[in-house]
Each structure stands twice: as structure tokens, then as C-alpha cells.
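Sequence positions, counted from 1, serve as the residue numbers for this chain. Keep in mind it's a predicted model, so treat the numbers as computed, not measured.
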Amino acid sequence: MTNHSESALSGYTASCGACIGIDHSLDYFVQGFIISDWEAIDRITSPPGANYSYSISASINAGIDMVMVPFKFQTYIDELTALVNSSVISMSRIDDAVRRILRVKFVTGLFEHPKTDRSLLGMVGNLGHRELAREAVRKSLVLLKNGKMPGKPLLPLDKNAPKILVAGSHADNLGYQCGGWTISWEGGSGATTVGTTILDAIKQAVSPSTEVVYEQNPDANFTKGKGFSYAIAVIGEPPYVESTGDNTNLTIPLGGIDVINNVCNNGSPCLVILISGRPLVVEPYLNRMDAFVAAWLPGSEGRGITDVIFGDYDFQGHLPRTWFKRVDQLPMNVGDKDYDPLFPFGFSMSMNLQSGHHHHQ
């Protein structure tokens, strides 16, 4: 392990049911220790827990040192003890695991200082941390489309536009920006923590004379005759964790498609910002968008998005995975014989801003 991390979590691998926790390459973590995920060793078998004794022996012998057992820990202790007594797991493997765990506890001073230093709580979410988070948002945005015609980009947006529309389920929802594993296990909707929504960030970024009209779910007639210079639609997925996020259609939920249809192709150019933990189906709607940005799950600092779409900074992000056209193409990877993505792995675009254009607002 590096000096920065003393433990590693052996997580679930949804597409690799039988190999959870039994990868013998774990031995290369020389000084730290490996901990399994919540009930993960149960899932070595199908169905989970079908042969708990095997799950224990396979994972411990593969190099897992600490096992996350939320409920049936007495059963685990009894089974593990029996496996050691019958020499299926050697005492030297137990000694090795205990030695690794104790070493980390000694190195981190856990025996001398078993509790956290509450005087440091004030650092959590401080300005420096928020600036770093905002920078991470700027650098992770991926520009996927900019203009319907070559040479006629929509971005960067004009900060001095007289009147603009902001719409969509994710425009003014901090919890949705953050996704799962935020404050609570599954995340939430609304003001779940302290931060800046994308709508608030837009209001801060534009000129004081710009009228910002917010309508979460505009109907087909909403934009007509309103004279919007442009529209920003912020749509995406609600927060999810683990298997609660599994679905077979990967379409944009929460009325996002209606927002695209009602906001784009209505006279005003439209930027669509997608908030999601993964690529979603955007065909056949892409051709209706003037510009399209994948913002992933930006978290609390919505101003990282406006830093870029209004041109204070350029786009730097590359697609970290292939963006498919249809779910029936999945799984889809670079090197596949029939690789036919909507956007290939590593795809990136920028606004080609001049270097003098980068300045912090």
C-alpha cells in the first residue's frame, strides 16, 4: 500500500458474481489490510449465503483480513473457528491477518487516541475544501456537443443575456446534485446539506440585469413568445446506491425527456446538462439540443458548472467510459468487434478559449 492508505475495501462487483473477495492478487498489499464489503463474502455463492463455510474459507485464504459481518457475526465466528480447527484455514493466515490489522492500529495511534479530535470538526466543509471541490467539478465536466452547426457554438453562454430560462428536475436540487452516499446512505432530495444549486450558481454568474426565469417542468407552450436568449435544462437521475440504481432501460427519468422536448427546438437555443452517475440513453434527443454537457454527480459546489459554461474556464474532462446509443449494445467496450458508440471512450471537446480568458470570478 502507499503511505496514504493503510486499508483497502474489497467491494462488490455486480458483473462478476463468483469472484467477489477471492482475487489472489490481493497479496500485493504488503503492509495494510483488506476488509470485505457489507455481507460481500456471502455473495461468493449463488444464491448468497448458500455455503457460508466456503465463503469464509475462500475469502480468508485469498487474503481478506477483516470481514464486514453486519448481523450473523456469531455464526461467522463459529464457522471460522471450525475452519481453523480443521486446518482449512491455517493459523499462520490468521496470524498474518491479525498482524496486519494491529500494525495499522499501532501506526495510526488508535490505542493511544481511540476517539477522533472533535476540535477539527470546523474544518469539515470549510472554504478551502469547497474551492477544491469546485475545481474538481470544473475539471470533470465533459462537453459532448456545442452547436447544431459547425462554427456556430452555443457555449460559452452570454452572461449579459437579457432573459434566460432555467428548467429541469436537477436545476435547483442540492440532494440530486450529490447523489447517493451523501449525508444519508441513499442520499436525498432538496437541501440535504450546505451548498450551491446549479440555479443559484447561474443567478450568481450572470449580470445583475439578466432576468433568470426558473420553471422546473415547463409545458410545450411555456417558452413561446417569452423572448428567452437561451434555455438551460438540468435533468438526470435521482440519487441511488448499489442495487437500488439497477435498471434495464437507463432512460432519463423524472420528466427529463419532456423538459428536452418542451425547452429545446422552441426558438431559443438550449443547453442540456445531465446529472447522473453513468451514461444514459440520449438518442434520439441529442439532435434537439444545441449543447450537451455530462456533469456526472458534481456534489455541493454548483458554481463549478457555471465557472465553465459561462467561459471563465474551459472544459477539460474526457469520457471515463463509452457512451452507448442503445442498451441492447451493452456491455460495450473499446476494442469490441462491433464498437459503435454514441461517444467513444475518452471523448472530449473544449470551447477553444484563449488562455487570457481564464479568470476566476
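- Ring planes of F343 and F347: tilted class, angle from 30 to 60°.
- Partners of C264 by disulfide (SG to SG under 2.5 Å), not counting sequence neighbours, listed by chain and number: C270.
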Take L274 and I252 through the test side-chain contact (heavy atoms from CB on, under 4.5 Å) and record every step on the way to the result.
CA-CA 9 Å; L274 184 67; I252 299 170; 4.2 Å; yes
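- Under the 3.5 Å distance criterion, the side-chain polar atoms of D336 are left unmatched by any main-chain donor or acceptor of D338.
- Proximity of a side-chain donor or acceptor of N160 to a complementary backbone N or O of S207 within less than 3.5 Å is not detected.
- Contacts of Y230 classified as ring-ring contact (aromatic ring centres under 6.0 Å, His included), with partners at least two apart in sequence or in another chain: none.
- Salt bridge absent: K139 and D314 never bring a charged side-chain N and a carboxylate O closer than 4.0 Å.
- When N146, I309, L144, V142 are each tested for a side-chain contact (heavy atoms from CB on, under 4.5 Å) with F315, only one passes: I309.
- Both V212 and L271 belong to a single network of hydrophobic side chains, linked directly or stepwise wherever heavy atoms of I, L, V, M, F, W or Y lie under 4.5 Å apart.
- Judged purely by atom type and a 3.5 angstrom limit, D312 has no side-chain atom pairing as donor or acceptor with the backbone of V308.
- Using a distance-only test at 3.5 Å, with no hydrogens or angles considered, a donor-acceptor pair links the side chain of T210 to the main chain of A161.
- Residues F33 and R99 have side chains not in contact (no heavy-atom distance under 4.5 Å, counting atoms from C-beta outward).
- M66 contributes atom CE, which lies 5.5 Å from atom CD1 of I35 (distance to the nearest 0.5 angstrom).
- A distance-only check finds a donor-acceptor pair linking the side chain of N51 to the backbone of Y54 [under 3.5 Å].
- Checking side-chain atoms of T192 against main-chain N and O of G188 turns up no donor-acceptor pair under 3.5 Å.
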Check the pair K163 / K226 against side-chain contact (heavy atoms from CB on, under 4.5 Å), numbers first and verdict last.
CA-CA 9 Å; K163 186 179 182 183; K226 296 279 202 317; 4.2 Å; yes
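- The salt bridge (charged side-chain N to carboxylate O under 4.0 Å, His left out) analysis of residues 195-221, with sequence neighbours excluded, yields no pairs.
- For the pairing with E301, the side-chain hydrogen bond (donor to acceptor under 3.5 Å, both in side chains) check across R134, R138, R130 returns one residue only, R130.
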Determine all donor-acceptor pairs shorter than 3.5 Å in which one atom belongs to a side chain in residues 323-330; sequence neighbours excluded.
from : atom 1 : to   : atom 2 : distance (Å)
W323 : NE1    : L280 : O      : 2.9
K325 : NZ     : D340 : OD1    : 3.0
K325 : NZ     : D340 : OD2    : 3.2
R326 : NE     : D328 : OD1    : 3.1
R326 : NH2    : D328 : OD1    : 3.3
Q329 : OE1    : K325 : N      : 2.7
Q329 : OE1    : R326 : N      : 2.9
Q329 : NE2    : D340 : O      : 2.9

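- For the pair S57 and V88, the tightest heavy-atom approach, listed with the atom from each and the gap, is CB-CG1, 3.8 Å.
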Dump the intermediate steps for side-chain contact (heavy atoms from CB on, under 4.5 Å) on L165 and I232, then the final yes or no.
CA-CA 6 Å; L165 172 65; I232 303 173; over 6 Å; no
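- Here the side chain of N126 pairs a donor or acceptor atom with the backbone of M123 at under 3.5 angstrom.
- Sorted by first and then second residue, the ring-ring contact (aromatic ring centres under 6.0 Å, His included) pairs with a member in residues 58-77 read W38-F71; sequence neighbours excluded.
- Atom CD1 in I101 sits 12.0 Å away from atom CG in L110 (nearest 0.5 Å).
- Side chains of R43 and T45: no donor on one and acceptor on the other come within 3.5 Å.
- M91 and I60 fall within the same hydrophobic cluster, where Ile, Leu, Val, Met, Phe, Trp and Tyr residues are linked whenever their side-chain heavy atoms come under 4.5 Å apart, directly or through other members.
- The CD atom of Q177 lies 11.0 Å from the OG1 atom of T193; values are rounded to the nearest 0.5 Å.
- The closest side-chain heavy-atom distance from Y240 to D246 is not below 4.5 Å.
- Contact between L154 and P269 at its shortest, heavy atoms only, is CD1-CB, 3.8 Å.
- Here D95 contributes atom CG and S90 contributes atom OG; the two are 8.0 Å apart, rounded to the nearest 0.5 Å.
- For D290 (side chain) and K148 (main-chain N/O), no donor-acceptor pair under 3.5 Å exists by modelled atom type.
- Scanning all heavy atoms of the two residues, the minimum distance from S36 to M68 falls at OG-N, 3.0 Å.
- Contact between V293 and L155 at its shortest, heavy atoms only, is CG2-CD1, 4.2 Å.
- One distance of note links CG of N261 with OH of Y285; it measures 6.5 Å at 0.5 Å rounding.
- Under a cut-off of 6.0 angstrom, the local environment of NZ in K72 is crowded, with over 12 non-hydrogen atoms contributed by other residues, nucleotides or ligands.
- Residues V259 and Y176 fall into different hydrophobic clusters, defined by Ile, Leu, Val, Met, Phe, Trp and Tyr side chains chained together at heavy-atom separations under 4.5 Å.
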Set out, in order, the CA-CA distance, both residues' side-chain angles and the distance that settles side-chain contact (heavy atoms from CB on, under 4.5 Å) for L102 and F111, then state yes or no.
CA-CA 10 Å; L102 287 177; F111 292 110; 4.0 Å; yes
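- Side-chain contact check for N262 versus T223: every heavy-atom pair is 4.5 Å or farther apart.
- You'll find the side chain of L319 stays beyond 4.5 Å of the side chain of F345, heavy atoms only.
- Using a 4.5 Å cut-off on side-chain heavy atoms (C-beta onward), T81 and D78 make no contact.
- Between the side chains of T197 and D172, at least one donor-acceptor pair of N or O atoms lies under 3.5 Å.
- Between the side chain of W296 and the backbone N or O of S140 there is at least one donor-acceptor pair closer than 3.5 Å.
- Side-chain atoms of Q204 and R303, non-hydrogen and from C-beta on, do get closer than 4.5 Å to each other.
- Atoms OG1 and CG, on T75 and L80 in that order, are 12.0 Å from each other to the nearest 0.5 Å.
- Nearest heavy atom pair, residue A295 against residue I275, reads CB-CD1, 3.8 Å.
- The nearest pair of heavy atoms linking P253 to P238 is CG-CD, 3.7 Å.
- A side-chain donor-acceptor contact under 3.5 Å links S268 to the backbone of F228.
- Within the structure, every pair that satisfies the salt bridge (charged side-chain N to carboxylate O under 4.0 Å, His left out) test and touches residues 262-278, not counting sequence neighbours, is listed here: E237-R278.
- By the rule that hydrophobic residues join a cluster once side-chain heavy atoms approach within less than 4.5 Å of another member, M149 and M351 end up as members of separate clusters.
- If you check the side chains of N173 and S189, you find a donor sitting under 3.5 Å from an acceptor.
- Counting heavy atoms from C-beta outward, V206 and I164 have side chains that approach closer than 4.5 Å.
- For the pair L286 and L342, the minimum side-chain heavy-atom distance is below 4.5 Å.
- L250 and I260 end up in the same hydrophobic cluster when Ile, Leu, Val, Met, Phe, Trp and Tyr side chains are linked at under 4.5 Å.
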